[in-house]
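Structure first, then comments.
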Amino acid sequence: MNNFYKKKENPEYRMSPYRIGAQLTIQSANQIQDMGKRLNEGIKNIEVSAISPEISGGIPTEHFKEMKRLSELTDSKVSVHAPIIDPAGFKENRWSEQERLNNEEEFRSIIERANLLGKNTPVVIHGANVMSQEWDKEIEEKYRKEIEEEEKKLEKIKKIKKIRPEEVKVAEEALREEKKKIMPRMMTVVNQETGELRPIEFEERERFTKTIKWFPEERLRNLNETDWDKHKLDVLSRVKEIDELEEKKQKLLSSPFIRDYEKAMQEGRKEIIKEEDKNRYMEYSQKANLIDDHIEQINQHINTAVEDIYHRLKKFGEDDKEIKSFLESDKYKESREVLKNIDEYYKRKIIQISEDEVEKRDKLRKEHLNQRAKALSNIITVMPKPQVWVSVKDFSIKKAAETFSSLALKSYKEYGEDAPIIAIENSYPNMPLSRAEELKKAIDLSREKFVDNLVRDKKLSKEKAKKVAEKILGATWDVGHINMLRKAGYSEKEIIEEARKIGKDVKHIHLSDNFGSNDTHLPPGMGNVPIKETLKALEEKGDMEGIRAIVEAGNFVQHFKQSPYPYALEYLGSPLYKFGETPYWSNLPEQNLTPAGEYFMGYGDILPEFHFKKLYGAGFSGLPRELGGGGEGGGDKGRFASGGEQ
């Protein structure tokens with residue numbers, strides 16, 4: 001933005017028309033035709049908006065090249081809105097890594113074609129496309145009160161001398177972390193192993209003595225504890241079952257009949273053994289063998305179950321402080337040493353036995369399995385619970401960052417510092433990466449992974465890699481999306497504050513208006529979105545020079561058959577001239593420079609010929625045909641107008 005708009009003598013917010021742009025149709029792959037219409041209105045920024053994967057995939061490479069040629073001819077710029085698919089890998093209420101990889105490839109394809117439009121073309125990617133939460137300001141306030149009560153309890157605990165200082169420190173840290181959270185009314189959680197999704201809601205439960213507020217975070221903890229207890233109980237109950245079987249087997253083999261029979265056989269008194277005694281002994285032996293087989297199966301189950309739990313611990317515990325502490329503890333190291341010794345001992349024993357001694361080898365194998373199961377069952381009693389269930393919000397940040405960092409690396413390897421800018425858009429408020437803090441976390445994590453990859457693969461210095469990451473990865477801030485927090489009880493002030501939190505990372509802007517309930521895509525100034533205040537807040541924290549602001553008002557065009565562009569120019573007080581001098585679009589009617597009804601009262605089509613030719617004596621229609629006009633002496637339609645010569 002020119003410094004003119006920031007001067008104190010111009011307190012009213014104004015945006016240069018050279019920054020404002022329009023989206024193309026989302027209903028057709030023929031983006032060139034629609035681009036001609038927008039250029040004929042005098043719009044300087046165009047956004048390719050084939051947001052359906054099928055339509056996006058239908059835009060030929062040659063069309064991107066042609067769009068670049070048109071943009072150079074008309075001194076305009078083009079950005080791209082990628083297909084709306086989930087970067088984390090969610091689809092149809094499930095998650096899969098394969099889906100994430102498929103979507104990454106879809107994004108890579110659009111980035112590849114976007115590069116044909118010029119250097120550092122912004123590519124807008126929706127941060128998410130899955131339900132993750134429902135916000136409720138009242139629930140959030142209740143949660144804050146709960147934390148305040150916990151803080152009061154902690155103050156009382158501090159006065160008790162028996163409480164160790166380190167325990168108080170841990171409790172204080174936990175409360176600090178809790179205070180950072182913004183508590184939703186409903187939260188969707190995902191099983192990291194299976195990809196299953198499950199909604200968990202705030203609930204007030206009545207007890208005999210009081211009403212308990214059960215917040216989603218607490219229910220998530222309970223879900224993981226229940227899942228963990230189930231696995232732990234399964235293993236420990238199996239251990240108990242083995243003890244019972246061993247006791248049963250011992251009882252069977254120590255019976256007087258077995259004792260007398262084996263003694264007679266050892267002493268060589270076979271003549272006293274009757275046929276029925278032999279049959280009875282065989283029956284006892286078979287029962288004992290069956291018990292052994294059963295014990296072997298249980299031991300195998302214990303080994304598999306505990307190893308699976310350990311796998312979850314390592315795979316899903318990288319960000320868990322309790323699990324990290326356990327993996328660094330002496331207990332963990334001792335347990336690993338015990339298992340290692342058991343494995344090495346039986347490996348040496350089995351090597352010493354020949355292949356022909358099948359029974360001995362089988363016996364040792366069973367002993368090994370049994371000893372291992374006992375050691376593992378001891379480990380599980382001290383093992384912390386792995387967080388298999390996590391919030392979709394946190395999971396999306398982590399997985400989407402993998403996608404964005406990978407896309408950035410591939411793009412940089414191909415195009416260097418001219419690579420398209422990946423501008424991650426804040427989603428609808430009931431989706432991940434919708435609030436500023438979530439979006440910023442995703443951007444920061446994406447940049448962090450990208451920097452590590454650049455240092456490792458491209459041998460860049462860390463300082464240089466950070467600059468590249470900050471240039472190529474950033475945010476698209478959609479002012480209409482964030483305004484939908486209103487229906488959850490959030491104020492205009494809080495909505496504007498969201499912009500301040502993300503301002504430093506914004507690379508692109510989407511402008512539309514609504515009334516806080518639905519994303520109705522009205523032109524700026526027709527709803528209650530605090531657009532000017534939001535833009536001011538963004539400028540307070542970030543450098544908006546050259547940042548494009550695309551007006552998304554497709555619904556308005558569909559229903560009212562009018563261009564939203566003049567409404568945006570009027571609302572944003574855009575000047576008619578490049579250098580910011582009066583008159584402004586907002587006061588044209590007052591100065592009688594143009595009939596307001598023609599543009600703003602719905603009395604007819606927007607006529608670029610009127611705006612440019614009659615008012616200023618210029619415009620596409622008056623240009624020679626080879627430059628996009630209607631030919632010498634003007635014409636009704638320019639080369640870029642609908643129905644004009646292609």
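Here the structure is a predicted model, which means the values were calculated and not measured. Each residue takes its place number in the sequence, starting with 1.
- Distance check, rounded to the nearest 0.5 Å: OH of Y428 to CG of N518 gives 9.5 Å.
- Within the cation-pi definition used here (under 6.0 Å to the ring centroid, within 45° of the axis), R372 does not qualify as a partner of Y345.
- Note that R198 lies in the cation-pi zone of W389, set by a 6.0 Å cut-off to the ring centre and a 45° limit from the axis.
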Run the salt bridge (charged side-chain N to carboxylate O under 4.0 Å, His left out) check on D86 and R100 step by step: do they pass? CA-CA 8 Å; D86 192 84; R100 187 191 72 78; over 6 Å; no
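- Between the CG atom of L473 and the CD1 atom of I422 there is a distance of 5.0 Å, given to the nearest 0.5 Å.
- Comment: K464 engages E417 in a salt bridge, judged by a side-chain N to carboxylate O separation of less than 4.0 angstrom.
- Taking CZ of R447 as the reference point, atom CD of E470 lies at 5.5 Å (rounded to 0.5 Å).
- You'll find the ring centres of W214 and F202 outside the 6.0 Å limit.
- To the nearest 0.5 Å, atom NZ of residue K507 and atom CG of residue D543 are 9.5 Å apart.
- The aromatic ring centroids of H126 and H481 lie less than 6.0 Å from each other.
- Tested against H510, the residues R548, E425, H81 include a single side-chain hydrogen bond (donor to acceptor under 3.5 Å, both in side chains) partner, E425.
- Residues that satisfy the side chain to side chain contact (heavy atoms under 4.5 Å, CB included) test with E134, not counting sequence neighbours, are M131, R185, M186.
- For residues 220-233, every residue pair satisfying the side chain to side chain donor-acceptor pair (under 3.5 Å) rule, not counting sequence neighbours, is listed here: N224-Q387.
- Of the N and O atoms on the side chains of E106 and N102, not one donor lies less than 3.5 Å from an acceptor on the other residue.
- For A499, the side chain to side chain contact (heavy atoms under 4.5 Å, CB included) criterion is met by W477, T534, A537, L538, not counting sequence neighbours.
- Note that the CD atom of Q371 and the CG atom of N341 stand 12.0 Å from one another [nearest 0.5 Å].
- For the side-chain hydrogen bond (donor to acceptor under 3.5 Å, both in side chains) with E193, the lone residue among R312, H311, K315 that qualifies is R312.
- Judged by distance alone, with hydrogens and angles left aside, the side-chain atoms of R94 form a donor-acceptor pair with the main-chain N or O of T194 at under 3.5 Å.
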